[in-house]
K.L.:
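There's a structure below that I have some questions on.
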Amino acid sequence: MAPLSVLLAAAGFTAAGTPNAWAATTATVNGSTTYQPIDGFGFSEHFGRAAIMNGSQGLSAAKQREILGLLLDRGTGAGLSILRLGIDSGIQPTDPGGPNATPKYVWDGVDKGQVWLAKQAKAYGVNRFYADAWTAPGYMKTNGTDANGGTLCGLSGASCASGDWRTAYANFLVQYAKFYGQEGIGITDLGFTNEPDWTATYDSMRLTPAQAVEFTKVLGPVANAAGYKVACCDSFGWTQQKAYSSAIEADATARAYTTTHTGHTYASAVDGPLPTSQRTWMSEWSPNGTTWNENWDDGSGYDGFTVASAVHDALTKGNTSGYVYWYGASLGATRGLIQMDGDNYHVSKRLWAIAGYSRYIRPGATRIAATTPDGNLKLSAFRNTDGTLTVVALNAGSAAQQVSYSLQNTGITTGTATPYLTNGSNSMAQQSAVAVSGSALTTAVPARSLVTYTIKR
């Protein structure tokens, strides 16, 4: 690993720490100002991607372990701590004979590879499993098919000749979670809709905010009695999710049954908190792009720097407690973190962009204040339950920056800060430790780079 003098020189500073061409700046981390708790960072392998990772298209066991390590290992990978599971109609693919008929559930113990993946994740220490449905089974919907929208029969404005399927759908969702429990996986969060304001040609279901509130009040008692938390509503844009969150907040019963408000950022980016005092997650996103991209900072809009900026905004503008990327590993021109390719794989800098946050900001952490007068320096700070402090600095400027940090009310007056550098040439590369003295430290952030500091006494 490079000594600090080398890092400073590479960033444009002399060995003495004096800037050659750029002014130094200050930053204050204040532990007495607290924001949201952190639930974790995650990914999904829905629509058969988990089966591909498990070797259905030629990926060997050795390469499986490498990919799992990149996604889940806390020492060498991203240390992701949330797995989002996709629920489809597989556990009851055919109409049992009506909403009041005895359900005819089936369970193969595989769930398109997701059971295997969940067990692997659990072995890495993951204990947050978010099971989310893209649609109710087609026979429960107004359009009679899993795809192309349609609405759950029995909701206001969605009457069907087959009857009212609301309770049957709630039981269906809880049964899915119970099947995972049989496999040793405890589902913690249960969602009944994905992008309810978007009609897709694949699994999809439309719900208005009012209908989402209505069904929350049906699912809530069933899910809570079985020990599952309800999440809603995974709108396809952050701005669009605000209407769903507002509707839930306005109904005392629905609010009491909703633990987490979830929104995506395809249609609109995070521009502020959702209108709720409950926990919020950015629960799905990958940047728009048509080719596989492994670059850190190429201006494409789907490189690593773009993802790092989005994570920063979700944490600091949206006050999100969770950040769940879309695919961890996928195929072809994927915007995932890893591209699987037969018995090979390729890693995008998008993985390391998320790792700069997820590896050292652990579940149970609390975001605390981090401020600087430098508008190009995107700072965030977190106090972990083990007493360590994680500070993440994303330098959006074209010049390197030397930063003098003041650590106030953090409980750390002396100690060490270990930097991990990510940019075009580095991927969470550990740098030499920097001394903390008098609740202060000084270090450099190279231009267009992400540096994660783990600080301990």
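Note that the structure is a prediction, hence the values are computed from the model and not measured.
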K.L.:
Could you tell me whether the side chain of Leu351 reaches within less than 4.5 Å of the side chain of Leu71, counting heavy atoms only?
P.N.:
yes
K.L.:
So does Asp298 get a backbone contact from the side chain of Ser300, meaning a donor-acceptor N/O pair under 3.5 Å?
P.N.:
no
K.L.:
Start with the C-alpha distance between Gln431 and Tyr420, add both sets of side-chain angles, then the distance that settles side-chain hydrogen bond (donor to acceptor under 3.5 Å, both in side chains), and finish with yes or no.
P.N.:
CA-CA 6 Å; Gln431 310 297 304; Tyr420 296 84; over 6 Å; no
K.L.:
Does either side chain, that of Asn293 or that of Ser348, offer a donor lying less than 3.5 Å from an acceptor on the other one?
P.N.:
no
K.L.:
Does a side-chain heavy-atom distance below 4.5 Å link Asn127 with Lys122?
P.N.:
no
K.L.:
Report the C-alpha distance between Leu85 and Ile187 in whole Å, list the side-chain angles of each, state the deciding distance to 0.1 Å, and finish with yes or no for side chain to side chain contact (heavy atoms under 4.5 Å, CB included).
P.N.:
CA-CA 9 Å; Leu85 302 164; Ile187 299 299; 3.6 Å; yes
K.L.:
Classify the side-chain pair Thr291/Tyr302 by whether it contains a donor and acceptor separated by less than 3.5 Å.
P.N.:
yes
K.L.:
Has Gln36 got a side-chain atom pairing as donor or acceptor with Leu315's backbone, closer than 3.5 angstrom?
P.N.:
yes
K.L.:
Taking atom types as modelled and ignoring hydrogens, do the side chains of Thr316 and Ser380 form a donor-acceptor contact shorter than 3.5 angstrom?
P.N.:
no
K.L.:
Going by distance alone, is a donor N or O of one side chain under 3.5 Å from an acceptor N or O of the other, for Arg206 and Gln211?
P.N.:
no
K.L.:
Do Asp251 and Lys217 sit within salt-bridge range, that is, some charged N less than 4.0 Å from a carboxylate O?
P.N.:
yes
K.L.:
A cation-pi test, strictly: NZ or CZ of Arg350 under 6.0 Å from the centre of the six-membered ring of Trp326 and no more than 45 degrees from its axis. Yes or no?
P.N.:
no
K.L.:
Compute whether any side-chain donor of one residue and acceptor of the other, for Ser245 and His261, lie under 3.5 angstrom apart.
P.N.:
yes
K.L.:
Using the benzene-type ring in the case of Trp, are the ring centres of Tyr266 and Trp198 under 6.0 Å apart?
P.N.:
no
K.L.:
Flag the pair Tyr180 / Phe129 as yes when their ring centroid distance falls below 6.0 Å, and as no otherwise.
P.N.:
no
K.L.:
Are the side chain of Ser246 and the backbone of Lys242 linked by a donor-acceptor contact shorter than 3.5 Å?
P.N.:
yes
K.L.:
How close do Arg383 and Gly31 get, heavy atom to heavy atom, and via which atoms?
P.N.:
NH2-O, 3.1 Å
K.L.:
Please walk me through it: do Lys349 and Glu294 pass salt bridge (charged side-chain N to carboxylate O under 4.0 Å, His left out)?
P.N.:
CA-CA 5 Å; Lys349 285 285 186 175; Glu294 299 180 17; over 6 Å; no
K.L.:
Is it true that atom NZ of Lys112 has more than 12 heavy atoms of other residues, nucleotides or ligands lying nearer than 6.0 Å?
P.N.:
no
K.L.:
Are the side chain of Asn423 and the backbone of Asn426 linked by a donor-acceptor contact shorter than 3.5 Å?
P.N.:
yes
K.L.:
Going by distance alone, is a donor N or O of one side chain under 3.5 Å from an acceptor N or O of the other, for Ser32 and Asn30?
P.N.:
yes
K.L.:
Do the side-chain N and O atoms of Arg255 and Ser277 include a donor-acceptor pair separated by under 3.5 angstrom?
P.N.:
yes
K.L.:
Donor-acceptor pair, Arg128 side chain versus Arg84 backbone, under 3.5 Å?
P.N.:
no
K.L.:
Please find the pair of heavy atoms, one from Ala212 and one from Cys233, that lie closest to each other, and give the distance.
P.N.:
CB-SG, 4.0 Å
K.L.:
Write down the atom of Ala308, the atom of Trp296, and the distance for their closest heavy-atom approach.
P.N.:
CB-CH2, 4.1 Å
K.L.:
Above 12 or not: heavy atoms from other molecules or residues under 6.0 Å from NZ of Lys63?
P.N.:
yes
K.L.:
Side chains of Trp281 and Ile82: does their closest heavy-atom pair fall under 4.5 Å?
P.N.:
yes
K.L.:
Quick check for you: to the nearest 0.5 Å, what is the distance between Ile368 atom CD1 and Phe382 atom CZ?
P.N.:
9.0 Å
K.L.:
Within the structure provided, determine whether Leu117 and Leu83 are in side-chain contact (heavy-atom separation under 4.5 Å).
P.N.:
yes
K.L.:
Counting only N and O atoms by type, is there a donor-acceptor contact under 3.5 Å from the side chain of Gln339 to the main-chain atoms of Gly332?
P.N.:
yes
K.L.:
Using a 4.5 Å cut-off on heavy atoms from C-beta on, say whether the side chain of Gln278 contacts that of Glu249.
P.N.:
yes
K.L.:
Got a donor-acceptor contact below 3.5 angstrom from the Glu284 side chain to the Val324 backbone?
P.N.:
no
K.L.:
Assess the side chains of Ser268 and Gln240: does a donor N or O sit below 3.5 Å from an acceptor N or O?
P.N.:
yes
K.L.:
Ignoring hydrogens and geometry, is there a side-chain-to-backbone donor-acceptor pair from Asp303 to Gly299 under 3.5 Å?
P.N.:
yes
K.L.:
In sequence, state the C-alpha distance, the side-chain angles, and the governing distance for Ile248 and Thr258, and then conclude on side chain to side chain contact (heavy atoms under 4.5 Å, CB included).
P.N.:
CA-CA 8 Å; Ile248 290 171; Thr258 305; 3.7 Å; yes
K.L.:
Between Asp386 and Thr388, do the side chains contain a donor N or O and an acceptor N or O under 3.5 Å apart?
P.N.:
yes
K.L.:
Are the side chains of Met53 and Ile67 in contact, using a 4.5 Å heavy-atom criterion?
P.N.:
yes
K.L.:
For side-chain hydrogen bond (donor to acceptor under 3.5 Å, both in side chains), just list the numbers for Ser449 and Asn395, CA-CA rounded to whole Å, side-chain angles, deciding distance to a tenth of an Å, and then say yes or no.
P.N.:
CA-CA 5 Å; Ser449 295; Asn395 185 358; over 6 Å; no
K.L.:
Identify the residue among Arg362, Lys229, Arg279 that makes a salt bridge (charged side-chain N to carboxylate O under 4.0 Å, His left out) with Asp39.
P.N.:
Arg279
K.L.:
Would the distance check show the side chain of Gln114 and the main-chain N or O of Arg49 forming a donor-acceptor pair, the cut-off being under 3.5 Å?
P.N.:
no
K.L.:
Test His264 against Glu195 for side-chain hydrogen bond (donor to acceptor under 3.5 Å, both in side chains), laying out the working first.
P.N.:
CA-CA 8 Å; His264 301 175; Glu195 298 179 357; 2.8 Å; yes
K.L.:
For Arg335, what residues pass the salt bridge (Lys or Arg N to Asp or Glu O under 4.0 Å) criterion, not counting sequence neighbours?
P.N.:
none
K.L.:
What verdict does the side chain to side chain contact (heavy atoms under 4.5 Å, CB included) test give for Leu441 and Leu407, after you've listed the backbone C-alpha separation in whole Å, the side-chain angles of each residue and the deciding distance to 0.1 Å?
P.N.:
CA-CA 8 Å; Leu441 69 145; Leu407 308 180; 4.0 Å; yes
K.L.:
What do you reckon, are the aromatic ring centroids of His46 and Trp134 less than 6.0 Å apart?
P.N.:
yes
K.L.:
Do Asp88 and Asp203 touch side chain to side chain, with heavy atoms closer than 4.5 Å?
P.N.:
yes
K.L.:
Determine whether the aromatic ring centres of Tyr453 and Tyr360 lie less than 6.0 Å apart.
P.N.:
no
K.L.:
Could you walk me through whether Thr280 and Asn319 pass side-chain hydrogen bond (donor to acceptor under 3.5 Å, both in side chains), step by step?
P.N.:
CA-CA 8 Å; Thr280 63; Asn319 293 341; over 6 Å; no
K.L.:
Closer than 3.5 angstrom, by distance alone: can the side chain of Ser204 be matched with the main-chain N or O of Gly149 as a donor-acceptor pair?
P.N.:
yes
K.L.:
What is the minimum heavy-atom distance between Phe192 and Cys232, and which atoms define it?
P.N.:
CZ-SG, 3.5 Å
K.L.:
Which pair of heavy atoms, one from Gly77 and one from Ala355, lies closest together, and at what distance?
P.N.:
O-CB, 4.3 Å
K.L.:
Of the options Asn194, Asp234, Asp189, Thr320, which is the one that meets Ser283 in a side-chain hydrogen bond (donor to acceptor under 3.5 Å, both in side chains)?
P.N.:
Asp234
K.L.:
Parallel under 30°, tilted from 30 to 60°, perpendicular over 60°: which one fits the rings of Phe41 and Tyr323?
P.N.:
tilted
K.L.:
I need the minimum non-hydrogen distance between Gly387 and Ile412, along with the two atoms involved.
P.N.:
O-CD1, 4.2 Å
K.L.:
Heavy atoms, side chains only, cut-off 4.5 Å: are Asn376 and Gln401 in contact?
P.N.:
no
K.L.:
Mark yes when over 12 heavy atoms from residues, nucleotides or ligands other than Arg74 sit less than 6.0 Å from its CZ; otherwise mark no.
P.N.:
no
